[in-house]
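Here the structure is laid out as structure tokens; the discussion comes afterwards.
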2 protein chains.
Amino acid sequence: MSCGARLANELRQKGYRVTPQRAVILETVAHMHGHHSVQEVFTKAEQSLPGLNVATVYRTLDMLHRAGMVEILSTTANITCFSLRDPEHPHYHLICRNCDAMQEIEPVLFNELADTLKKKHGFSLDHRHLTFSGLCKHCQSDAAKGNLTP
Amino acid sequence: MSCGARLANELRQKGYRVTPQRAVILETVAHMHGHHSVQEVFTKAEQSLPGLNVATVYRTLDMLHRAGMVEILSTTANITCFSLRDPEHPHYHLICRNCDAMQEIEPVLFNELADTLKKKHGFSLDHRHLTFSGLCKHCQSDAAKGNLTP
DNA sequence: CTTGTAGGTGCAAATGATTGCAAGTAGGAT
DNA sequence: ATCCTACTTGCAATCATTTGCACCTACAAG
């Protein structure tokens with residue numbers, strides 16, 4: 001069974017309809033490594049399905065996120081990117097709110113955090129892909145000097 | 001010294017110019033408790049400064065976020081909200097990626113996490129206001145049944 | 001106080017994203 | 001296989017947000 005078929009089945013099993021458009025968008029995101037904008041996903045998917053509409057891509061990515069199959073990454077510039085949720089490679093992002101620099105880190109300490117949130121709040125954390133905002137090493141020393149980018 | 005003047009001074013100390021527009025927007029956000037959309041902030045601020053332009057509000061909120069004085073909260077619906085960063089009341093949000101329900105929780109376990117990120121990555125976490133995505137108690141049981149909102 | 005200028009603002013255009021609606025269709029029932 | 005309908009899609013309109021540019025101004029220097 002191909003990668004695309006497997007993902008389509010997974011989506012069907014979650015109770016969602018699998019239309020040709022959704023299958024193509026899901027497969028496109030899966031084959032594009034890393035994080036990509038809606039326009040990038042649309043451009044690529046349209047090669048496989050001419051006539052695809054960008055509104056459909058917006059709707060589908062949103063649906064895939066709700067279904068837990070796609071991650072949304074937002075930077076300070078509010079550039080929203082998408083990537084296939086990869087249970088085999090959990091990773092976290094540190095995004096500097098000043099310069100938008102992005103660091104990727106392996107998960108640490110999160111299992112304990114996830115357990116606590118589950119027990120105390122009944123909340124199931126998406127702890128395979130998280131994003132944190134803060135200041136990177138460089139901008140932090142600038143902040144101490146009062147020299148952030150005005 | 002008034003609240004507004006104090007915040008304006010804080011901004012000036014961070015190396016940013018304090019224009020009438022910025023002072024009003026900052027004070028407006030400070031006096032609006034909770035999280036509010038750009039339109040809400042703009043409507044309120046314009047009462048104090050007729051002629052204020054919404055583009056200025058967008059630019060100023062972005063600048064205030066970079067300066068670390070305002071938090072940005074994004075839900076699944078990508079409704080971006082702003083609130084004054086309140087060092088006296090750190091709090092975290094749990095946002096269900098299915099139904100958008102938001103839970104607010106007191107910070108737990110994060111000091112250790114923040115310390116680790118600092119030591120290992122030199123990253124200064126904005127750990128007074130964080131947002132986590134996942135599934136709430138209700139949607140989680142639906143997910144187990146394959147019954148998420150299609 | 002005046003002056004100069006780097007940065008900020010208002011405006012309108014452009015771009016990104018969402019939404020209402022008519023037509024199409026995935027998939028369940030028979 | 002056919003039929004039916006709840007849901008999806010394409011389209012264009014609308015809304016949210018960003019951006020280029022001309023003009024304005026906060027603030028540093030003198």
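A side-chain contact (heavy atoms from CB on, under 4.5 Å) with A/Leu61 holds for exactly one of A/Thr56, A/Leu26, A/Val38; it is A/Val38.
With hydrogens and angles left out, the side chain of A/Arg59 and the base of D/dG10 share a donor-acceptor pair within 3.5 Å.
Although no hydrogens or angles enter the test, the distance criterion places no donor-acceptor pair under 3.5 Å between the side chain of B/His65 and the main chain of B/Glu71. Side-chain atoms of A/Lys44 never come within 3.5 Å of backbone atoms of A/Thr28 as a donor-acceptor pair (strictly under, hydrogens ignored). With B/Glu40 contributing its side chain and B/Ser37 its backbone, the two residues share a donor-acceptor pair below 3.5 Å.
The side chain of A/Asn53 places no N or O atom within less than 4.0 Å of a non-bridging phosphate oxygen (OP1 or OP2) of D/dT9. Side-chain N/O atoms of A/Gln21 include one lying less than 4.0 angstrom from OP1 or OP2 on D/dG10. At D/dT25, none of the side-chain N or O atoms of B/Arg17 fall inside 4.0 Å of OP1 or OP2 (strictly under the cut-off). Look at B/Thr19 and you'll find a side-chain N or O under 4.0 angstrom from OP1 or OP2 of C/dT9.
Taking atom CG of B/Asp62 as the reference point, atom C1' of D/dT17 lies 11 Å away to the nearest angstrom. Distance, B/Glu40 CD to D/dC15 P: 17 Å, rounded to whole Å. As rounded to whole Å, 9 Å separates atom P of D/dC27 from atom CG of B/Leu11. Between the P atom of D/dT8 and the CD1 atom of A/Ile25 lies a distance of 12 Å, rounded to the nearest Å. Counting to the nearest Å, the P atom of C/dT18 and the CD atom of A/Gln39 are 12 Å from each other. Taking atom CZ of residue A/Arg22 and atom P of nucleotide D/dC7, one finds them 11 Å apart after rounding to whole Å. Between the CG atom of B/Leu64 and the P atom of C/dG8 there is a distance of 12 Å, given to the nearest Å. The distance between atom CZ of A/Arg12 and atom C1' of C/dG27, rounded to the nearest whole Å, is 9 Å.
If you check C/dA26, D/dT18, C/dG8 against the side chain of B/Tyr58, the one that comes closest is D/dT18. Listed nucleotides D/dT9, D/dT19, C/dT9 differ in distance to B/Thr60; the shortest reach to its side chain belongs to C/dT9. Checking D/dT8, C/dT19, D/dC27 against the side-chain heavy atoms of B/Val18 singles out D/dC27 as nearest.
Residue A/Val54 is out of contact with every strand shown, counting any heavy-atom pair closer than 4.0 Å.
Counted by atom type alone, A/Arg12 and A/Asn9 present one or more donor-acceptor pairs between their side chains at under 3.5 Å.
Taking for each of B/Val38 and A/Leu52 the nucleotide of DNA chain D with the nearest heavy atom, the 5'-most of the two is the partner of A/Leu52.
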